[in-house]
Amino acid sequence: MRTGNILWPTDFSDTASHALQYAIEMANLYQVGIRILHVVEQPSGDENYMLLAITPQELAENMEDAAASKMHELLSQLNTNLKVETVIRHGDAINEIMAESNSGDIDMVVIASHGRTGLSHFLNANVAESIIRKSECPVLVVK
C-alpha cells in the first residue's frame, strides 16, 4: 500500500498531459497527493557572441515565469479533491527529477515516455529512460 505522493514531472507537452491522467488515477486509487514538477533548464549562451539580447539569467527568470504561468493554468483546469503540490526547479531535468523522487515522500513516478520532438529529442538524453534506470521507487511510463 502506497502512502507517499505521486510525482508527475512535466514539460507541458501533450504527452506529459496525457500522463497526468494516469497520475491522477493512481493517486485516487491510493488516496495520496500529486506533486507536479517542472524543471527549467539553465539556458546556455556566450554573451560575447551577442546572440542573446538578454543575459542567460534573465532568460532563465523569464522561463520560470512562463512555467509558473503554465502551472497556474494547469491547476485551474484540474478537477480533483486530491492534494496537489507544484514545484519548479532549475537545472538538469534528470538530476532534478531524481532528487525530487528520492526526497523521501514520493512512492511512485508517473512520467511521459517523451515530450521533446524533432531535433531536441535526438540531442537530449531520454529523460524517462534515465529515471527508470536510476529511480528507487516504481516508475509508470505513459506513451
Side-chain angles (χ1 to χ4, degrees), residues 1-47 51-143:
M1 181 138 194
R2 305 208 180 281
T3 57
N5 293 315
I6 305 284
L7 176 62
W8 174 61
T10 183
D11 60 0
F12 302 112
S13 67
D14 290 339
T15 308
S17 295
H18 181 65
L20 175 60
Q21 301 310 312
Y22 286 86
I24 291 172
E25 189 173 327
M26 296 304 290
N28 279 323
L29 176 67
Y30 294 112
Q31 290 299 296
V32 296
I34 296 176
R35 182 168 305 149
I36 301 171
L37 171 66
H38 177 74
V39 180
V40 176
E41 294 191 37
Q42 183 64 34
S44 60
D46 188 339
E47 295 175 38
L51 295 174
L52 296 175
I54 60 175
T55 67
Q57 181 178 358
E58 290 172 322
L59 181 58
E61 290 170 3
N62 289 344
M63 291 168 67
E64 182 175 351
D65 290 344
S69 176
K70 287 180 182 179
M71 197 76 79
H72 182 70
E73 181 182 330
L74 178 73
L75 289 175
S76 70
Q77 296 172 357
L78 283 182
N79 186 14
T80 182
N81 293 326
L82 298 169
K83 179 180 128 189
V84 178
E85 300 174 70
T86 61
V87 177
I88 297 176
R89 288 183 174 235
H90 291 265
D92 174 70
I94 294 168
N95 291 338
E96 296 303 320
I97 293 169
M98 288 309 307
E100 195 68 37
S101 72
N102 295 331
S103 65
D105 63 344
I106 298 295
D107 272 358
M108 177 182 277
V109 177
V110 177
I111 190 168
S113 60
H114 63 279
R116 296 180 172 131
T117 58
L119 185 59
S120 68
H121 173 71
F122 291 104
L123 294 177
N124 294 288
N126 187 318
V127 174
E129 181 180 331
S130 294
I131 301 306
I132 291 167
R133 283 196 326 261
K134 298 177 181 179
S135 182
E136 296 173 4
C137 64
V139 178
L140 173 63
V141 179
V142 179
K143 286 183 165 185

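Across every non-hydrogen atom of V40 and H38, the tightest pair is CG2-CD2, 3.9 Å. The shortest non-hydrogen separation linking V142 to V110 is CG2-CG1, 4.1 Å. Shown here for I131 and M98, the closest heavy-atom pair between the two residues is CD1-SD, 3.6 Å. For the residue pair A128 and A112, the shortest heavy atom distance occurs at CB-O, 3.5 Å. Here the shortest heavy-atom pairing between A27 and G33 reads CB-O, 4.4 Å. H18 and K143 make their closest contact through CD2-O, 3.2 Å (heavy atoms, listed as atom of the first residue, atom of the second, distance).
Between the E96 side chain and the A93 main chain, no donor and acceptor come within less than 3.5 Å of each other. Looking at W8, its side chain does come within 3.5 Å of a backbone N or O of A16 through a donor-acceptor pair.
Interatomic distance, CG of L78 versus CD of E73, reported as 11.0 Å (0.5 Å rounding). Separation of atoms CD1 (I111) and OG (S130) is listed at 9.0 Å; rounding is to 0.5 Å. Between atom OG1 of residue T86 and atom CZ of residue R35 there is a gap of 10.0 Å, rounded to the nearest 0.5 Å. In this structure, CD1 on I88 lies 11.0 Å from CE on M63, to the nearest 0.5 angstrom. Atom CD1 of I106 is separated from atom CD of E136 by 12.5 Å, given to the nearest 0.5 angstrom. Of the inter-residue distances, the one linking T10 atom OG1 with K70 atom NZ reads 9.0 Å to the nearest 0.5 angstrom.
Residues L7 and L37 are in side-chain contact: their nearest non-hydrogen atoms beyond the backbone lie under 4.5 Å apart. Using a 4.5 Å heavy-atom cutoff, the side chains of V141 and S113 are in contact. The side-chain heavy atoms of V39 and P9, taken from C-beta on, include no pair separated by under 4.5 Å. Counting only heavy atoms from C-beta outward, the side chains of L82 and I6 never approach each other to under 4.5 Å.
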- Task: Dump the intermediate steps for side-chain contact (heavy atoms from CB on, under 4.5 Å) on V32 and M108, then the final yes or no.
- Result: CA-CA 11 Å; V32 296; M108 177 182 277; over 6 Å; no
